[in-house]
Amino acid sequence: MSEQGSEPTHPRPVMEPAETYRRQVPVSQLTSFDTPTENVYVIAHMGIAQLSIDDWALRIEGAVERPLRLTHAELLRRPAETLEGVLECFGNPVEPEVATRRVANVSWRGTRLWPLLAEVGVLPRASTVWFEAPDHGVFAGTSSDRYIKDVPIEIVRTRPVLLAWDLNGAPLTPEHGFPVRAVVPGFFGTNSVKWVTRVYLADTRPESLFTTRLYNRRVTVNGRERLEPVRDLDVHSIITAPAEADALAPGVRNVEGWAWSSGPVSRVEVSTDGGDTWQEARLEPRREGYVWQSFTFAWTSLTPGSYRLECRASDEKGRMQPLAGRNRIHAINVTVK
């Protein structure tokens, strides 16, 4: 990391609580297309940063011609737009293969980042955009003085990457990144940095706990294994109804849920016999934005007994939800009485 890139953002905010904070929501509560804010999961590795609007400012620096500093009031005077999309947690970066079902579909309002970068003048050497926030503490036994994530500058140029101040039509709460957070549609939530105070343009990735040490996974390209940063959403689906351990009456029952990926999902299949056989569900086309898609499967359950219901999604890239890994096939157990 360059000397300039290692400068602190500003005096450290109070972290309350000053420890890893998790609020998890059962998938059976995710019944509406728009997830209510009270049902949006929260993961804060080092606690919740408490920032004041009066003290907050955003700096855009690094490989730019004209560095810029914006107060909260100045940022809110910029052209605003609304973006709806999936917010998904990648999972515990220390245990990247553990199945994770932390997800929501929400609406953000903010200003697009790319026009601000055009305003400051991006230098030709800039290839990556760092989002930096002042939350600090200890995670996985390692001390970190801030949170940094980087995304390719091409993503900022071609996608509606936002600096957002509203969630679901209301100002961000501290647990969701008040006063401003980054939103990178189609990427895992770890890239949508909460409490962002600095946007830094560079020609390298930042060396930090949450970039080069964690949130990477092994992929095989042309027969060779390498590490790549966690970015694009995996193909994934969940059953929201019935719920785990439900007791059902015999008859026709809809199996319902959501499917999503970094792009459109093309197919969802449901198994009612623990994965022995699969049948195609009715899948809603993806609406505008980076949103999830609903699926429904009419299941006729006539024989009393125990059943294992599973769902698997396939996307337009040809990826299918796997049997193992963080986005493994979702399964629930129910009984028919």
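Please read these numbers as outputs of a predicted model, since none were measured by experiment.
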#### Entry: side-chain hydrogen bond (donor to acceptor under 3.5 Å, both in side chains) against Arg213, all qualifying residues, sequence neighbours excluded
none
### Contacts of type ring pair (Phe, Tyr, Trp, His ring centres under 6.0 Å), residue Tyr215, not counting sequence neighbours
His45
### Task
Mind checking ring pair (Phe, Tyr, Trp, His ring centres under 6.0 Å) for Trp260 and listing every partner two or more places apart, or none if nothing turns up?
His236
### Query
Who passes side-chain hydrogen bond (donor to acceptor under 3.5 Å, both in side chains) against Tyr147, sequence neighbours left out?
Thr190
### Message
Applying salt bridge (Lys or Arg N to Asp or Glu O under 4.0 Å) as the test, list every pair that has at least one member in residues 214-229; sequence neighbours left out.
### Response
Arg217-Asp234, Arg218-Glu225, Arg226-Glu228
### Message
So, using side-chain hydrogen bond (donor to acceptor under 3.5 Å, both in side chains) as the criterion, who are the partners of Asn327 when residues are at least two apart?
### Response
none
Expected list for residues 156-165: side-chain donor-acceptor pairs under 3.5 angstrom, two or more places apart:
| residue | atom | partner | partner atom | Å |
| --- | --- | --- | --- | --- |
| Arg157 | NE | Glu154 | OE1 | 3.1 |
| Arg157 | NE | Glu154 | OE2 | 3.4 |
| Arg157 | NH2 | Glu154 | OE2 | 2.5 |
| Thr158 | OG1 | Glu154 | O | 2.8 |
| Arg159 | NH1 | Pro185 | O | 2.8 |
| Arg159 | NH2 | Asp232 | OD1 | 3.3 |

### Message
Under the rule for ring pair (Phe, Tyr, Trp, His ring centres under 6.0 Å), what residues qualify as partners of Tyr307, not counting sequence neighbours?
### Response
Trp299
### Message
Suppose we screen for side-chain hydrogen bond (donor to acceptor under 3.5 Å, both in side chains). Which residues come up paired with Asp315, at least two apart in sequence or across chains?
### Response
Ser261, Arg319
### Partner residues of Thr173 under the side-chain contact (heavy atoms from CB on, under 4.5 Å) criterion, sequence neighbours left out
Glu175, His176
#### Entry: Set of residues satisfying ring pair (Phe, Tyr, Trp, His ring centres under 6.0 Å) with respect to Phe295, sequence neighbours excluded
none
### Partners passing side-chain contact (heavy atoms from CB on, under 4.5 Å) against Arg253 (at least two apart in sequence or in another chain)
Pro242, Asp246, Leu248
